[in-house]
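Treat the numbers as computed from the prediction; the structure is a model and nothing was measured. Lettering of chains follows the sequences in order, A, B, ..., and the numbering in each one begins at 1.
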There are 4 protein chains.
Amino acid sequence: MIKILVAGFKGKMGATATKMVLNHDQFELVGVLDPFEEKGNLNELIEYPTINVPIFKTKEAVLSVQPDVWIDFTIPAVAYENTRFAIEHNISPVVGTTGLTEEQLAELTDRSKELQVGGLIAPNFAVGAVLMMQFAQKAAEYFPDVEIIELHHDNKRDAPSGTAIKTAEMMSEVRAKKKQGHPEEEELIEGARGADFDGMKIHSVRLPGLIAHQQVQFGGIGEGLTIRHDSYDRSSFMTGVALGCEKVVHLEKLVYGLENLL
Amino acid sequence: MIKILVAGFKGKMGATATKMVLNHDQFELVGVLDPFEEKGNLNELIEYPTINVPIFKTKEAVLSVQPDVWIDFTIPAVAYENTRFAIEHNISPVVGTTGLTEEQLAELTDRSKELQVGGLIAPNFAVGAVLMMQFAQKAAEYFPDVEIIELHHDNKRDAPSGTAIKTAEMMSEVRAKKKQGHPEEEELIEGARGADFDGMKIHSVRLPGLIAHQQVQFGGIGEGLTIRHDSYDRSSFMTGVALGCEKVVHLEKLVYGLENLL
Amino acid sequence: MIKILVAGFKGKMGATATKMVLNHDQFELVGVLDPFEEKGNLNELIEYPTINVPIFKTKEAVLSVQPDVWIDFTIPAVAYENTRFAIEHNISPVVGTTGLTEEQLAELTDRSKELQVGGLIAPNFAVGAVLMMQFAQKAAEYFPDVEIIELHHDNKRDAPSGTAIKTAEMMSEVRAKKKQGHPEEEELIEGARGADFDGMKIHSVRLPGLIAHQQVQFGGIGEGLTIRHDSYDRSSFMTGVALGCEKVVHLEKLVYGLENLL
Amino acid sequence: MIKILVAGFKGKMGATATKMVLNHDQFELVGVLDPFEEKGNLNELIEYPTINVPIFKTKEAVLSVQPDVWIDFTIPAVAYENTRFAIEHNISPVVGTTGLTEEQLAELTDRSKELQVGGLIAPNFAVGAVLMMQFAQKAAEYFPDVEIIELHHDNKRDAPSGTAIKTAEMMSEVRAKKKQGHPEEEELIEGARGADFDGMKIHSVRLPGLIAHQQVQFGGIGEGLTIRHDSYDRSSFMTGVALGCEKVVHLEKLVYGLENLL
C-alpha cells in the first residue's frame, strides 16, 4: 500500500484525486491538506461522512502520518513550496498544478537529484492523450502523409486546439518534409484543405454535443493508420495521477511530463 | 426473369454491367450491342468463353430478342438515339451515360409519358452515396449544426469534392440558417475551420491509400449523429444499376436521378 | 410564443425540461406543477432566484394561466390523469413518463381525436437515435448486408442493448432475408461473429469511459454505408421535447412515439 | 543509390516489388531472376518495354551486377537457397517468402552473424499493421479494458482474423488480467459480447465491400483510445519492403519480423 496525502483537496481536481485515492486498491489516504478548512477530519464533512482521515492545516503537520506520495492540486505559489517541502522530507510529489516557472522546475529537479527523491510534475495527466501523441510521432517516421482532425464542442474559441498543434510539432521533429495532397490541388472554397502546419493539414470541427476528440490519420500506399483519442470527462486525468503515484516511489529524481513515465 | 440488353458492353462500366447481369438471379442477358465488334457472339470473345449471347451491331437488330430493359453505357450522342429508340419500342432504358442536354432529357421524358414506358437516366448509380445525401438532408431539418468531412486519395485536385458540395446544397434547402461554431471563434492557423458553405463547414482530407469517403457529422445537445459513405471501388455502381433494372419495368415514365427511385 | 407548463418539474428530466423551456426563444414558461412543493413561485427556490413563474399544487389551478402545452415527466398513475385532464382542457400534452398501459394509451388517443387536441407520448425523446433507426430501416431495403455495433459503458449488464434490438426489428421488417457472412464461416473462438438476429449480426462492446453509442454498418459491392449515433448525456432528450412542443400544437390527435413526428 | 535484385519477379508480389524498385528515388534495379524466363532483358517483355535490366537464369549469374540487396518472393525451397547464397556473397536479403522452417531460420541467422551481413525475413510487410499491433501492446500496459473489432469482406471464412488473435496475444503479454465488461453481464442473444481471449473481447464483422480493417479500442475512466488499421490493397506491403531495403544495408545480421526494424 502506498500512503498518500492530497493537498488542495477541496478544488475540483483535488476532490477528484481524493476520491480516486479512496477507491484505489493499492493506495491509502493518510491525510489531506487545506490551511483554510476548519474541520479536522474528513468525516466531519458532508461529502465524506464515513471516512476517518485527518485534515491538516500546515505542511509540517503532515509529517506525522509519513506519506509516501504528496499529490498537489493547489496554486502555483503554494505548489512550489509544497513540492520543495515534500522532496526535502522524502515524500514523492505528484503535482498537477500548472504555472511553475522554468527556474522553479530546474531548482526542484536539482534538489530531487541530490536527495534521490522521485517525483512528477505534469501539466496534462491524460494517459490516453499522451499515448496518442507518442504513437502519432512514431508513425510519422514511416508515414509522412498525415492529417489531424480534432473535434470539440462549439464553445471552444481557438482552432486548431493546443493538443493538435503539439501533436503536429512532435510529428514534425521526425517526419520527412512533405506537403500534403496533390501538388496542384485547388480549393474551390477557401479553407477546404484545412490549416497547414509544416506541410501537414489540421482540420477543426466544432459541434454541440462533442467534448474533446482528436484523430490523427496516416495514409500509405494501399493502407491507412488512424489513432484517435476521445476525452469524455475531466475524470480521465485520474488514470494518469494514479499512474504517477505508482511510479514516483521507484524514481530517484523529479521528472516533468507524464510522457516520460510511459 | 427480366430480359436485358447492354449497349456499350466493351467499356469499363458496360463490361461491369454485363457481368452484373450475368451473375444476377433475376436477370437474363439477351444480347449486347456494339457497332464496331466483329464477332457475333460473346462466346467468341476471350472474356466470355462459355456465354452464348448474341452481339448485335445495330439497334434495330436488338428487337429480335425482345429485351425488357436496355442498359446504356455508351457516349452522349449514341445514348440519346438509343434511349429514344428503346422507349419507342417499349424497352425500358437504364442509362448511365452522362452528358445528355436538358432539351434531350425533356424530350425523352415527354416521349416516355406518351408511350407509358418506364426508364431511368442517372449520372450517379451509387445507392449508398444517394442514401447518404438523402439522410443528411433529412437530419439537417432537426440538427442545424453539421460539418462535412470528405476524404479522398491524394491524386484528387479539387477540394471540396462535388459530392460534398451537392450534400451541402441539399442540406441548405431545409436547414435553419446558422453559422457553425463559436460566434467569436478564431483561427490560430488559417483554414483550420475549413471551407464555409452557407454557414456549414466542409473539411477535405487527401491521403494516399484512401479511395472516396464522406462523413456528414451532426451535433445536438448531448448527442451526435454521423452518416458515412465509403466507396472502395467503381463496382459499387452496380447495386444501383441492378436496382434501376428492377424498378423501371414498373414505371410509366422516364425518371432522372437514382434518388427518385429510393 | 408557445405557453408551456411543466409537471414534475423537480425530477431530473422535469428540471432539465424546465431549463430548456426557459432558454428557448419560442417558448414561455407559464407555470410548473408539483403537489408537494410548499413554495408558490420559482423565484423562492434557490435554483431559480430570478424566475417569476407560479408553482401550482393542483392541476385545476393550472388552468388560470392557459398553457398551450403540458410537458409531463411525472409517474405513470399521475401522468395518465394529467394527460386526460390536459386533453379535456384543450392543452396539448407532451409526455415523457413511461409505463402507461396499452389501454390507457388507446383511451387517451380516442379522447384526443374526439376533441381534436394534438399531443405526444414518447418513451424516447432522442431525435438522433430515432433518426438513426429510421435511416437504418430505409437503408436495409437496399443493403441486406448489415451488422450493428453498439458500444456502452461497462456498467451495463444486458447485451445487446434495447436500441440495438429495436433497430434490428425495424430492419427485419423490410430487409430481404439473408444470413450475414460466408455460408461456411467458422468461429475459431465462440462468439466472434456476435449475436444473430434474423441473419443480422449484433456486436456489443462494453468499456469504461463510453456512454451510449450505436453504429449500423451496411456493406454492398464496393461500398459501405454507416449510420452512427452517439449519446453523451441525458440532456440530448431535450431536442426531442422541444420539437414535440413545437409540433403538437399543430396536430389534431395524440401520437405515440417521436418517430411519428419526424 | 541502393542496387537491388528481385528474385521471383513474375509472381504477384515479385512484380509489385519490381515496380516499387523502379519507381523509388533511392533504389536502382540491377537485375531480376527467374530460371524459367526465356527472355534476357526486361525490355523484351510487354510489361516493361523501356526498361533495360538483365534477366538472370541462375543465382551465380547475378553476381556480375553486384547488388546490395536481394529481394526474394519465390517459394520456400528456393528462398532458403537464395537467402544463404546472398548472405555468403555479401548481398543483404529481404525475404517475403513464407514457409521457411525454424531450423532454416536459425541457420541463416547464424551464418549472417558470422559474415556480418544484414538481412530481413518477414511474413508480413504491412508497416501500418505492425505499428497498430505495437501501439496496441503499449496501450494495453495502461488500459486493461480493451476490445478488438476486426472487419473483413464476407468471403473470409475464419473469425476472428489471424491479425486479431496475434494482437490479443501481444496485449496479453503485458496487460493486467481482467475480464471485460460488467461482472454480472448477461447475453440476451448468445454471442453478443463476442469472442473471449484471456478476458478481452473480439468482434468479427463480415460485410461485402470491406477489405481488411482492424480497430483496437481501449477505455479508461472518462476517455477512450482507438487504434485502427485499414488495408485497402495488397500494394500496402511495398512500404515495408522498401523500408526493409533501406535498413538491411546498415544491419550486421539477419532479423526476423518487420517489427524489429520499426
For D:F143, which atoms come within 4.5 Å of any heavy atom of chain A: side chain, backbone, both, or neither? side chain
D:I165 atom CD1, over 12 foreign heavy atoms within 6.0 Å: yes
To the closest 0.5 Å, what do you measure between CE (D:M132) and CD (A:E223)? 10.0 Å
Test log, rule side chain to side chain contact (heavy atoms under 4.5 Å, CB included), inputs D:Q134 and A:F135: CA-CA 9 Å; D:Q134 288 186 336; A:F135 295 163; over 6 Å; no
Nearest-0.5 Å distance, CZ of residue D:R228 to CD of residue A:Q217: 9.5 Å
Nearest heavy-atom contact between D:G222 and A:S235 is CA-OG, 3.8 Å
Taking every heavy-atom pair that is under 4.5 Å apart, which of D:L131, D:L243, D:D230, D:D233 has the most such pairs with chain A? D:D230
Measure A:I211 against the heavy atoms of chain D and call it side chain, backbone, both or neither at under 4.5 Å. neither
CG of A:L225 to NE2 of D:H229, rounded to nearest 0.5 Å, is 6.5 Å
Got more than 12 heavy atoms from elsewhere within 6.0 Å of NZ, A:K3? yes
When rounded to the nearest 0.5 Å, the distance separating NZ of D:K138 from NZ of A:K138 is 10.5 Å
Evaluate side chain to side chain contact (heavy atoms under 4.5 Å, CB included) for A:Y142 paired with D:T239, printing each intermediate quantity in order. CA-CA 8 Å; A:Y142 305 102; D:T239 303; 5.7 Å; no
Output the distance between atom CD1 (D:I221) and atom OG (A:S236), rounded to the nearest 0.5 Å. 9.0 Å
Where on A:A212 is there a heavy atom nearer than 4.5 Å to chain D: the side chain, the backbone, both, or neither? neither
